[in-house]
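As the structure is a prediction and not an experimental result, all values here were calculated from the model.
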Amino acid sequence: MMVKSSFLATLLGLLAFSAVRAEPVQSSTDVFSDPQLIAIEQLLVEATNAQRARYGLPPLAVDNRLMSTARRHTAWMANSGSLRHGNYPVAENIALGQETVEEVIRSWMNSSGHRANILGSRYSRLGVGAYQGPGGRVFWTQQFN
């Protein structure tokens, strides 16, 4: 339990949020115009590509457009408190409430539809988002193309 608590403390340390409006899991830079990954997003990309490598699949490249739409959608879910898929022409995984990257990846890999997206051989690009909403719940998004 101490390892999980320590990781959660680190995760929560990365999460910048206010009680009124959900903020991105990143610094004060403009999340929608800065394609540079922050730590939690980098971990999510790495964990996704690690799953692909386990099955002999090539890694997914981070795509700036997908990063923008994944971040926007995750922010919308966190601000609205609603777990809903977006209306984007991409494959999408969403989740709510997992406290770590490991937990959300495990949840997605244990779901046939989400797993199919992560392991989809037709995908070459990825965008991700992680936001903490006003109630402290973390919303997650992966978008594939």
Side-chain angles (χ1 to χ4, degrees), residues 1-17 22-86 88-145:
M1 272 310 200
M2 183 172 282
V3 172
K4 183 176 178 182
S5 295
S6 174
F7 186 84
L8 180 57
T10 301
L11 172 65
L12 293 177
L14 293 171
L15 301 175
F17 66 95
E23 294 294 331
V25 182
Q26 78 172 44
S27 69
S28 61
T29 60
D30 182 2
V31 68
F32 302 120
S33 64
D34 182 3
Q36 187 171 3
L37 296 179
I38 59 160
I40 198 73
E41 292 169 338
Q42 183 65 41
L43 291 172
L44 189 52
V45 168
E46 289 171 2
T48 300
N49 282 330
Q51 289 298 318
R52 291 178 61 82
R54 285 181 60 196
Y55 293 89
L57 295 166
L60 299 170
V62 173
D63 180 275
N64 292 343
R65 182 185 58 81
L66 291 174
M67 283 301 302
S68 179
T69 58
R71 287 171 170 170
R72 285 182 191 274
H73 185 66
T74 311
W76 175 85
M77 289 190 303
N79 286 321
S80 68
S82 178
L83 183 68
R84 284 198 223 165
H85 285 282
Y88 305 100
V90 297
E92 184 177 70
N93 289 347
I94 58 174
L96 165 64
Q98 293 83 358
E99 295 178 352
T100 67
V101 169
E102 289 83 4
E103 286 180 22
V104 75
I105 290 291
R106 187 177 323 110
S107 293
W108 283 331
M109 290 301 287
N110 287 330
S111 163
S112 61
H114 296 105
R115 179 186 179 95
N117 286 340
I118 291 171
L119 301 179
S121 60
R122 68 185 178 275
Y123 304 128
S124 61
R125 297 176 295 146
L126 174 69
V128 300
Y131 282 67
Q132 187 169 40
R137 300 178 306 167
V138 180
F139 289 78
W140 306 87
T141 301
Q142 290 178 312
Q143 292 182 344
F144 306 87
N145 205 338

Check your understanding: From Arg122 CZ over to Asn145 CG, what is the distance, rounded to the nearest 0.5 angstrom?
Key -> 10.0 Å

Review point. Of all heavy-atom pairs between Gly129 and Ala70, which one has the smallest distance, and what is that distance?
Key: N-CB, 4.1 Å

Point to revise | Any donor-acceptor pair under 3.5 Å from His73 side chain to Arg84 backbone | key: yes

Exercise for review: Report yes if some heavy atom in the side chain of Gln143 is under 4.5 Å from a heavy atom in the side chain of Leu126; otherwise report no.
Suggested key: no

Check your understanding: Of all heavy-atom pairs between Ala75 and Tyr131, which one has the smallest distance, and what is that distance?
Key -> CB-CE2, 3.4 Å

Review point. Is there a side-chain contact between Phe144 and Ile118, using heavy atoms and a 4.5 Å cut-off?
Key: yes

Check your understanding: Heavy-atom distance under 4.5 Å between the side chains of Ile40 and Val101, does that happen here?
Key -> yes

Review point. Any side-chain donor-acceptor pair under 3.5 Å between Arg52 and Tyr123?
Key: no

Check your understanding: Do Thr48 and Leu60 have side-chain heavy atoms sitting under 4.5 Å apart?
Key -> yes

Revision key, fill the gap. Scanning both residues in full, the closest heavy-atom pair of Met109 with Tyr55 reads CE-CE1, 4.1 Å

**Study point:** Distance in Å, Ser82 OG paired with Leu96 CG, rounded so as to fall on 0.5 Å steps
**Key:** 9.5 Å

Check your understanding: Side-chain contact, heavy-atom cut-off 4.5 Å: Leu37 with Met67?
Key -> yes

Check your understanding: Just how far is it from atom CG of Asn110 to atom CD1 of Ile105, taken to the nearest 0.5 Å?
Key -> 11.0 Å

**Study point:** Closest non-hydrogen atom pair, Ile94 against Trp108
**Key:** O-NE1, 3.1 Å

Review point. Do Gln42 and Val62 have side-chain heavy atoms sitting under 4.5 Å apart?
Key: no

Review point. Say you draw a straight line from CD of Glu41 to CG of Leu43; how long is it, rounded to the nearest 0.5 Å?
Key: 10.0 Å

Point to revise | Atom pair CD/CD of Gln132 and Glu99 - distance to nearest 0.5 Å | key: 9.5 Å

Check your understanding: In this structure, which one of Arg71, Arg65, Arg72 forms a side chain to side chain contact (heavy atoms under 4.5 Å, CB included) with Ser68?
Key -> Arg72

Review point. How are the rings of His85 and His114 set to each other: parallel, tilted or perpendicular (split at 30° and 60°)?
Key: parallel

Practice item. Compare every heavy atom of Ala95 with every heavy atom of Val104, then report the nearest pair and how far apart it is. Key: CG2-CB, 3.5 Å

Review point. Are any of the side-chain heavy atoms of Thr141 and Trp76 separated by less than 4.5 Å?
Key: no

Point to revise | Arg106 CZ to Glu103 CD distance, which is reported to the nearest 0.5 Å | key: 6.0 Å

